[in-house]
Peer 1: 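Mind having a look at this structure? Questions to follow.
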Protein chains: 2
Amino acid sequence: MTSSPPAPGRRPTIDDVAAEAGVSRGTVSRALNGNHWVSPDAQRAVEAAVKKTGYRVNAYARGLRRRRAGSVAFLLGEDLDQMFADPNFATLMRGASESLAASGLSMVLLLAGSAEEQARALDFIGTGQIDGVMFVSWHHDLSVLADLNRAGVPTIFCGTPEAGTSTTGYVSADDFDGSVQMVQHLLSRGRTRIAMIAPPSDAVGGNLRLEGYLKALGPGADESLVVHGDYSRESGRRAMLELLSAHPEIDAVFAANDLMAAGAIEAAQSLGKEVPRDIAVGGFDDSAAAVSITPAITTMRQPFRRITNEMTRLLLQQIDGEPPAHMTLRTELVVREST
Amino acid sequence: MTSSPPAPGRRPTIDDVAAEAGVSRGTVSRALNGNHWVSPDAQRAVEAAVKKTGYRVNAYARGLRRRRAGSVAFLLGEDLDQMFADPNFATLMRGASESLAASGLSMVLLLAGSAEEQARALDFIGTGQIDGVMFVSWHHDLSVLADLNRAGVPTIFCGTPEAGTSTTGYVSADDFDGSVQMVQHLLSRGRTRIAMIAPPSDAVGGNLRLEGYLKALGPGADESLVVHGDYSRESGRRAMLELLSAHPEIDAVFAANDLMAAGAIEAAQSLGKEVPRDIAVGGFDDSAAAVSITPAITTMRQPFRRITNEMTRLLLQQIDGEPPAHMTLRTELVVREST
DNA sequence: CTGAAAGCGCTTACAG
DNA sequence: CTGAAAGCGCTTACAG
């Protein structure tokens with residue numbers, strides 16, 4: 001069998017491999033896709049031919065045939081600057097990328113922070129170039145979620161979407177329980193006046209961390225000890241100054257994330273207070289920020305790897321036709337020096 | 001002509017549109033692609049049919065036919081955490097995304113910060129799902145660039161790649177000239193002992209900002225007044241402390257980016273020095289960091305929008321078969337309060 | 001200006 | 001275990 005070599009500059013196709021290996025196109029495809037029904041000889045010949053020709057499957061032909069894209073969008077419902085300011089975000093994104101790769105899927109980042117970006121992202125998704133969407137957003141504009149649902153695109157949300165959005169699958173840390181744990185920890189340290197630097201009031205998930213705090217303190221909770229931040233370090237700083245000036249007697253603060261906790265510690269120190277002696281500070285997330293400050297921050301560890309793994313798994317199931325599922329993962333108290 | 005409606009759950013295809021509009025598939029395609037040779041009547045009928053059926057072009061069929069993907073990779077040669085710490089990065093990414101969108105291309109983010117990620121990214125690129133690559137990396141591992149060149153993928157680099165890498169197209173701010181301008185500005189302010197917080201020694205582009213500084217000072221330059229940072233705020237802080245302790249007589253510092261300049265100002269202030277009275281501090285980039293501190297930082301403005309626009313333009317030319325081109329854009333002095 | 005036809009590069013029943 | 005064939009949904013010469 002004489003195989004005419006591919007024309008120069010042309011990408012080798014499956015037919016070039018078939019000719020080189022001396023088998024049919026179908027056999028090459030089966031060998032490449034790990035199908036059974038391929039003899040060891042044929043398998044070897046195909047592998048050698050692939051190497052020799054430098055063959056790479058054409059994603060368009062495959063996608064057209066399989067009606068499957070082989071990639072998933074990581075959709076960012078937030079402004080880039082905000083996302084980048086949050087150390088959790090890189091962790092999440094890296095985890096998702098690795099987890100998807102392990103399933104043979106590639107990750108495509110799509111921005112949807114502005115109305116214009118949203119339109120573009122939905123447009124891209126509409127062309128069928130992705131099989132599903134991982135949606136990350138920490139504020140409350142979930143209209144994109146509705147659009148995605150309407151278009152029938154398998155979607156998994158990271159966090160807890162608004163109550164009632166049960167048509168969307170999601171994976172979330174147990175924010176409520178985590179907050180209860182943290183407050184109980186502070187109580188166990190003998191603290192009695194525990195304030196909170198809460199998530200912004202428009203936070204996704206109905207402010208479960210605040211609810212956990214209120215629940216743990218029971219009827220003794222004092223709403224005037226709650227100040228809202230915006231998850232930034234600077235807002236933690238401001239909130240702490242506000243709390244200390246209005247309520248100098250507080251002996252502990254639970255901040256809804258480590259970044260705000262770090263800001264709170266800085267603010268307390270700037271006022272000559274010692275942490276945790278004068279005031280204990282607890283955080284949430286166990287992000288890099290928790291250990292980049294002295295004292296290192298006691299915090300609730302979010303199981304990020306687990307979260308991204310489960311997001312991938314549930315999304316794949318949805319892509320395979322399963323209905324959306326929810327999942328809530330427990331957080332773990334990490335005691336350091338700040339409490 | 002009776003058109004059988006698309007089966008429920010099936011995406012409408014071009015044939016559904018053709019049936020609905022009462023024209024042939026070819027006419028629909030021509031109408032959709034803005035081709036001439038379509039009668040106004042046909043054009044209208046097609047547009048109505050598209051709206052009615054909710055037709056979206058199938059990207060795989062189109063890509064297979066056109067041998068063009070319609071999307072470009074934004075390839076990150078850096079670790080995510082490092083990128084996210086740099087305010088320029090979000091600016092660059094947003095600009096690239098918008099600029100590509102304006103040309104009808106979508107942007108796909110690909111990570112190549114680790115060897116594993118590099119392999120995955122090259123693999124994805126190899127399947128032909130993207131037409132070209134915008135490569136952003138601020139350190140010196142340019143092996144990916146070589147891989148991309150070998151694979152014949154149109155690539156445009158953001159910044160100045162190592163001298164001699166002339167096979168790659170790039171767009172860059174004129175770092176050398178910008179640094180000369182800044183030093184001249186400091187000299188014009190009557191400063192005589194000007195230190196520098198330079199880029200890391202393995203920075204991409206052979207440390208042009210440092211070279212500009214040395215050039216502007218001429219034979220009077222004192223290498224002992226140069227300390228290398230790593231572009232982070234914290235490194236600027238450390239560098240400033242080091243400089244002030246070894247050379248208390250310095251009256252100005254030029255930091256290679258705004259983040260380090262901000263750190264330097266904080267360090268100076270922590271030692272009781274007033275900026276600019278006791279010591280002037282100049283930055284580079286005109287990023288958000290420049291105006292988020294008091295005093296606001298005098299800096300060299302990088303023309304980011306122009307950079308991303310030119311990157312898009314040059315990349316599109318390469319995709320169309322033009323040879324790679326270089327472009328260097330002038331930076332502009334922005335005088336604020338720190339000098 | 002329009003339609004019929006070929007073909008992009010794959011995968012997958014189907015028949016053997 | 002293997003090959004021949006159909007077909008995924010488009011675009012684009014080609015003939016009219």
Side-chain angles (χ1 to χ4, degrees), chain A residues 1 3-4 6-7 9-47 49-50 53-71 104 126-129 131, chain B residues 1 3-4 6-7 9-46 49-50 53-70 104 126-129 131:
Chain A
M1 188 184 237
S3 60
S4 62
R10 187 170 71 72
R11 263 181 78 148
T13 73
I14 199 170
D15 287 320
D16 298 319
V17 177
E20 179 68 33
V23 298
S24 79
R25 195 206 304 201
T27 299
V28 173
S29 178
R30 279 186 293 266
L32 256 34
N33 291 299
N35 252 305
H36 295 301
W37 312 121
V38 177
S39 69
D41 275 4
Q43 184 74 39
R44 265 193 299 277
V46 168
E47 280 163 15
V50 165
T53 55
Y55 172 75
R56 304 296 325 280
V57 68
N58 178 310
Y60 288 95
R62 174 179 275 177
L64 179 56
R65 199 36 243 246
R66 286 198 182 161
R67 303 162 158 286
R68 201 48 80 70
S71 51
T127 63
Q129 293 187 72
D131 296 320
Chain B
M1 186 184 237
S3 62
S4 60
R10 187 170 69 74
R11 264 181 78 148
T13 72
I14 198 171
D15 287 320
D16 298 319
V17 177
E20 179 67 35
V23 298
S24 80
R25 196 207 302 200
T27 299
V28 174
S29 179
R30 278 187 293 267
L32 256 34
N33 291 299
N35 250 307
H36 296 302
W37 311 122
V38 177
S39 68
D41 276 2
Q43 185 74 40
R44 265 192 299 277
V46 167
V50 165
T53 55
Y55 172 74
R56 304 294 327 277
V57 68
N58 178 311
Y60 287 94
R62 173 178 274 178
L64 180 58
R65 198 37 242 245
R66 287 197 179 161
R67 303 161 162 287
R68 199 50 76 73
T127 63
Q129 294 188 71
D131 297 321

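Letters A, B, ... mirror the listed sequences (proteins, then strands); counts begin at 1.
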Peer 1: Does the pair A/Val50 and A/Leu32 meet the rule for a side-chain contact (heavy atoms from CB on, under 4.5 Å), with working shown?
Peer 2: CA-CA 9 Å; A/Val50 165; A/Leu32 256 34; 3.9 Å; yes
Peer 1: Just to be sure I understand the rule, does A/Arg56 reach a base, reach only the sugar-phosphate, or reach nothing, if contact means heavy atoms closer than 4.0 Å?
Peer 2: sugar-phosphate
Peer 1: Could you check whether A/Ser29 gets within reach of a base, just the sugar-phosphate, or nothing at all, counting any heavy atom under 4.0 Å?
Peer 2: base
Peer 1: Give me the first and last nucleotide of DNA chain C, going 5' to 3', that has any atom under 4.0 Å from a heavy atom of chain B.
Peer 2: C/dC1 to C/dG9
Peer 1: To check you understand the geometry: which heavy-atom pair defines the closest contact between B/Asn58 and B/Tyr55, and what is its length?
Peer 2: N-OH, 4.3 Å
Peer 1: Should A/Asn33 and A/Arg62 be marked as a side-chain contact (heavy atoms from CB on, under 4.5 Å) after you check the CA-CA gap, both sets of side-chain angles, and the distance that decides it?
Peer 2: CA-CA 11 Å; A/Asn33 291 299; A/Arg62 174 179 275 177; 3.1 Å; yes
Peer 1: What pairs of residues pass the salt bridge (charged side-chain N to carboxylate O under 4.0 Å, His left out) test when at least one of them lies in residues 22-45 of chain B, not counting sequence neighbours?
Peer 2: B/Asp15-B/Arg25, B/Asp41-B/Arg44
Peer 1: For A/Ala69, is there any backbone N or O sitting under 3.5 Å from a side-chain donor or acceptor partner on A/Asp131?
Peer 2: yes
Peer 1: Suppose we screen for side chain to side chain donor-acceptor pair (under 3.5 Å). Which residues come up paired with B/Ser24, at least two apart in sequence or across chains?
Peer 2: B/Thr27
Peer 1: Classify A/Asn33 by what it touches in the nucleic acid, base, sugar-phosphate, or nothing, heavy-atom distance under 4.0 Å.
Peer 2: sugar-phosphate
Peer 1: For nucleotides D/dG16 and D/dT12, find the distance between their C1' atoms and express it as a whole number of Å.
Peer 2: 16 Å
Peer 1: Please figure out whether B/Asp41 or A/Gly26 has its closest DNA chain C nucleotide nearer the 5' end.
Peer 2: B/Asp41
Peer 1: When we call it a touch if two heavy atoms are under 4.0 Å apart, what does B/Thr13 touch: a base, just sugar-phosphate, or nothing?
Peer 2: sugar-phosphate
Peer 1: Can you name the residues that form a side chain to side chain donor-acceptor pair (under 3.5 Å) with A/Ser71, not counting sequence neighbours?
Peer 2: none
Peer 1: The criterion is salt bridge (charged side-chain N to carboxylate O under 4.0 Å, His left out); which residues satisfy it with A/Arg56, sequence neighbours excluded?
Peer 2: B/Asp123
Peer 1: Once you apply a heavy-atom cut-off of 4.0 Å, does B/Arg67 come out as touching a base, just sugar-phosphate, or nothing?
Peer 2: sugar-phosphate
Peer 1: How would DNA chain D look in dot-bracket form, 5' to 3', counting Watson-Crick and G-U wobble pairs with both distances under 3.5 Å and writing | for bases paired to another strand?
Peer 2: |||.||||||||.|||
